[in-house]
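Below you'll find the structure, written out as structure tokens, and then a few comments.
As the structure is a prediction and not an experimental result, all values here were calculated from the model.
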Amino acid sequence: MGVLARLAPPPRLVDWSILALVTFEVSSGLVSLTVGQPDGAWLFTLHALAGFTLVALLGWKFRRVRRRITDRNLWDGGTPVSILLGTLALTTLGTGIYWALSGPVRIAGWPLLFAHMVLGTLVAPVLLWHLRHRFRLPSTAGMDRRRTTLQYGALLGFGALSWKAQQAAGDALSLPGRNRRFTGSKEDGSGDGNAFPVTSWVADDPDPVDPETWTLTVAGAVATPLELDHDALPPDSGSAPRRYGEPSTDAPVGATSERAVLDCTSGWYSEHDWAGVRVGDLLDRAAPAGDAAWVRFRSVTGYYWSLPIEEAQDALLATRVDDEPLSHGHGFPLRLVAPGRRGFQWVKWVDAVEVTHRRDLGQWVAIFVSSLN
Ligand SMILES: Nc1nc2c(c(=O)[nH]1)N[C@H]1C(S)=C(S)[C@@H](COP(=O)(O)O)O[C@H]1N2
Ligand SMILES: [Mo]
């Protein structure tokens, strides 16, 4: 028996640890899609550490079961599922580690990180299917507390060391994977106007918006609902927003700009100067109710997302990117710029701002079905 085998915890414990870690990886991976602030970076670090720990556990597991795979006579109904699961697990870990070291690799147009996400999400149902065939209750058979503690110490040490080694190798060899944000995203087209990837969460692809007929409404829990024409937007700001059905009276909407990073969950980010209207300026004119708490940004496609009202005040509805008018693909005439939020929350082709009292979980459905309209 080799040193590695002696470090292995009892089989049942290895299996349950794999289940626990896979559960953690799938859920931390999914939750990480909503994290855009650097103070959430620890979640990505834990995800990576747990991934390396899983490599060691799977090493022991595969060593133990390999005869049941290579010897056709030992196959049963559950074996194909086991093979599928093992393959998925390895390709998910492989794509994750490769992404951390490589440049912005794409497969069929999609960043490799996207393949990692899709494969990792598939692990969950296949694992449940595998458990239908192979489920065994946890047991403490063959477990010696002191020894098991040492084994787990070694295991976590291995996870942490591999993670460190990956960082060190990246730095020492100047691997392109070093240049990624804490979210894992890699830079694409920063500061270069509209020349960055056009992305839809599912398949939103509206006809170009006609500025002649387009209007922006600001309504909901407000004292003074507004309606703006395209020429009321900066940099033109020819006319001021008017109350529904009334001539405009106020001063024109003021222009504002901000540098912010659009970080798409599919694995790229792009930093730009965005110019347009400060949402707080619109809200001040519309006068939200005292107990208003959320602001919803709705696209002509039906896609929408909401921000807490304090955060919405400081968000931007952009008409321009790096001194170029926003292109259709990037959301002309108006797109939400929500610094610190992930790309899918930066609603494009906005035509309505709605002030509400409560958080609206329907947005999680809207972003998936908007393109089916
Ligand atoms: N209406 C609408 N807005 C949207 C999307 C969409 O599908 N529909 N995709 C989002 C996603 S996933 C990202 S990453 C950004 C991409 O913006 P870009 O196409 O300007 O790069 O827009 C977001 N805004
Ligand atoms: Mo995205």
Side-chain angles (χ1 to χ4, degrees), residues 204 206-258 260 274-321 325-328 330-339 341 345-360 362-363 366-367 370 373:
D204 264 10
D207 290 334
V209 175
D210 178 0
E212 294 296 318
T213 53
W214 174 92
T215 60
L216 174 72
T217 58
V218 182
V222 298
T224 318
L226 306 173
E227 186 168 18
L228 283 81
D229 300 326
H230 185 252
D231 65 6
L233 297 178
D236 300 334
S237 296
S239 59
R242 49 199 158 73
R243 220 183 149 128
Y244 286 132
E246 286 173 15
S248 57
T249 45
D250 270 329
V253 187
T256 181
S257 71
E258 179 162 353
W274 307 90
V277 193
R278 202 178 79 92
V279 175
D281 188 6
L282 294 175
L283 292 180
D284 288 348
R285 291 157 190 263
D291 56 350
W294 290 82
V295 180
R296 183 157 58 209
F297 299 88
R298 193 184 287 278
S299 169
V300 298
T301 64
Y303 192 104
Y304 66 85
W305 197 262
S306 319
L307 299 177
I309 197 162
E310 309 77 45
E311 184 182 349
Q313 301 272 2
D314 289 327
L316 200 80
L317 282 166
T319 55
R320 301 177 71 81
V321 54
L326 217 53
S327 69
H328 165 60
H330 290 306
F332 173 87
L334 209 57
R335 75 104 35 95
L336 179 64
V337 169
R341 294 276 181 167
Q345 295 157 326
W346 294 36
V347 184
K348 301 195 278 193
W349 311 292
V350 173
D351 70 351
V353 174
E354 294 153 4
V355 179
T356 64
H357 296 284
R358 254 178 256 115
R359 163 181 236 149
D360 177 1
Q363 62 197 12
I367 62 172
S370 58
N373 289 333

**Q.** Stepwise side chain to side chain contact (heavy atoms under 4.5 Å, CB included) test for D360 and W294
**A.** CA-CA 9 Å; D360 177 1; W294 290 82; over 6 Å; no

Q) Minimum heavy-atom separation for L216 to V353, with atom names? A) CD1-CG2, 4.1 Å

**Q.** Short side-chain to backbone donor-acceptor contact, W349 and H328, under 3.5 Å
**A.** yes

Q | Atom pair CD (E354) and CZ (R298), whose distance is rounded to the nearest 0.5 Å | A | 4.5 Å

**Q.** Residue among L334, V347, D351 satisfying side chain to side chain contact (heavy atoms under 4.5 Å, CB included) with F297
**A.** V347

Q.
If you compare all heavy atoms of L233 against all heavy atoms of P333, which two are closest, and at what distance to 0.1 Å?
A. CD1-O, 4.4 Å

Q | V218 versus A286, closest heavy-atom pair with distance | A | CG1-CB, 3.8 Å

Q | Main-chain N/O of D210 paired to H230 side chain as donor or acceptor, under 3.5 Å | A | no

Q: Search all heavy atoms of V355 against all heavy atoms of P288 and return the closest pair with its distance.
A: CG1-CB, 4.1 Å

**Q.** Given P211, P325, S327, the one that forms side chain to side chain contact (heavy atoms under 4.5 Å, CB included) with F332
**A.** P211

Q.
Would you compute the distance between atom CD of Q345 and atom OG of S306 and round it to the nearest 0.5 angstrom?
A. 10.0 Å

Q: For residues A292 and I309, report the shortest heavy-atom separation together with the two atoms involved.
A: O-CG2, 3.9 Å

(Q) For D204, give me all partners under side-chain hydrogen bond (donor to acceptor under 3.5 Å, both in side chains), at least two apart in sequence or on another chain. (A) T301, S370

(Q) Tell me if a side-chain donor or acceptor on R278 pairs with a main-chain N or O of Q313 at a distance below 3.5 Å. (A) yes

(Q) Restricting to non-hydrogen atoms, name the atom on P234 and the atom on V277 that form the minimum distance, rounded to 0.1 Å. (A) CD-CG2, 3.6 Å

Q: Could you go through the side chain to side chain contact (heavy atoms under 4.5 Å, CB included) check for K348 and Y303 one step at a time?
A: CA-CA 8 Å; K348 301 195 278 193; Y303 192 104; over 6 Å; no

**Q.** Inter-residue atom distance D229.CG - W214.CH2, 0.5 Å rounding
**A.** 8.5 Å

Q: Enter the distance from L228:CG to T215:OG1 here, rounded to the nearest 0.5 Å.
A: 8.5 Å

Q: Supply the atom-to-atom distance L307 CG to Q363 CD, rounded to the nearest 0.5 angstrom.
A: 8.5 Å

(Q) Treating R296 as the side-chain partner and T356 as the backbone partner, does any N or O pair qualify as donor plus acceptor under 3.5 Å? (A) no

Q: I would like to know whether R285 and T224 meet side chain to side chain contact (heavy atoms under 4.5 Å, CB included); could you show each step before the answer?
A: CA-CA 7 Å; R285 291 157 190 263; T224 318; over 6 Å; no

Q. Do R335 and L326 pass the side chain to side chain contact (heavy atoms under 4.5 Å, CB included) test, and can you show the C-alpha distance, the side-chain angles, and the key distance before you say yes or no?
A. CA-CA 9 Å; R335 75 104 35 95; L326 217 53; 3.5 Å; yes

Q.
Would the distance check show the side chain of W346 and the main-chain N or O of R341 forming a donor-acceptor pair, the cut-off being under 3.5 Å?
A. yes

Q.
Nearest 0.5 angstrom please: L317 CG to L336 CG, how far?
A. 6.0 Å

